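Below is one structure; the comments refer to it alone.
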Amino acid sequence: MSKSNFFEKVYEIVEQIPSGEVYTYGQIAMMLGNPRAARIVGYAMSSAPRERNLPCHRVVYQDGRLAPGGIFGGKENQRRLLEEEGITFLNNGRIDMDEHGW
DNA sequence: CGAATGACAATCT
DNA sequence: TAGATTGCCATTC
């Protein structure tokens, strides 16, 4: 398979993210044993096939910000998805990591 | 095999 | 405080 175990592992973790909670790229990277591979997690997401049905919208920045626009058809769309999942947003447009952040 | 890339994160200005 | 820069590391060319 073209995808290495690293990507597979990322997909597995993202797939296991419970509804109503959000993970950060750094957290996922830490689970993989590479706390500095946050970029790799993001890279895996960019290459993540939709057949996987990955809730990548639950993966956000360490600051609680959403991924750059153009990913889910607009970050506004992603924000609405998270709100439906039960994620609470702050007035500054960031996710309440103190509540959902691990 | 070597260089470039990137959905991050921390640090510096 | 906000914006710009550097470091990191697996994948891709």
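Order of the sequence lines sets the chain letters (A, B, ...), proteins ahead of strands, with each chain counted from 1. Note that the structure is a prediction, hence the values are computed from the model and not measured.
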### Task
Report yes or no: does A:R58 contribute a side-chain atom to a donor-acceptor pair with the main-chain N or O of A:I17 at less than 3.5 Å?
yes
### Task
Applying side-chain hydrogen bond (donor to acceptor under 3.5 Å, both in side chains), name anything that partners A:S47, two or more places apart in sequence or on another chain.
none
### Task
Return yes if some donor-acceptor pair links the side-chain N/O of A:H57 with the main-chain N/O of A:F72 below 3.5 Å, else return no.
no
### Spacing of A:N5 atom CG relative to C:dT11 atom C1', expressed in whole Å
14 Å
### Query
If you pin A:Y43 and A:R36 to their nearest nucleotides in DNA chain C, which one's is more 5'?
A:R36
### Query
Is the closest side-chain heavy-atom distance between A:L32 and A:F6 below 4.5 Å?
yes
### Query
Rounded to the Å, how far apart are A:R94 CZ and B:dC8 C1'?
15 Å
### Atom-pair distance (CD1 on A:I40; C1' on B:dT5), nearest Å
10 Å
### Query
For the side chain of A:N34 and the backbone of A:R36, is there at least one donor-acceptor N/O pair under 3.5 Å apart?
no
Detail all sub-3.5 Å separations between protein N/O atoms and N/O atoms belonging to nucleotides 9-13 of chain B.
from  : atom 1 : to    : atom 2 : distance (Å)
B:dA9 : OP1    : A:G26 : N      : 3.3
B:dA9 : OP1    : A:Q62 : N      : 3.4
B:dA9 : OP2    : A:Q62 : N      : 3.1

### Query
What is the distance from CE of A:M30 to P of C:dC9, rounded to the nearest Å?
14 Å
### Message
Is A:S4 close enough to C:dT11 that one of its side-chain N or O atoms is under 4.0 Å from OP1 or OP2 there?
### Response
yes
### Task
Compare every heavy atom of A:Y23 with every heavy atom of A:M31, then report the nearest pair and how far apart it is.
CE-CE2, 3.0 Å
### Task
Rounded off to whole Å, could you give me the CD1-to-C1' distance for the A:I28 and C:dC8 pair?
17 Å
### Task
Nearest whole angstrom, please: distance from the C1' of C:dT11 to the OH of A:Y11.
10 Å
### Of the listed nucleotides C:dC9, B:dA7, C:dT11, the one nearest the side chain of A:F7
C:dT11
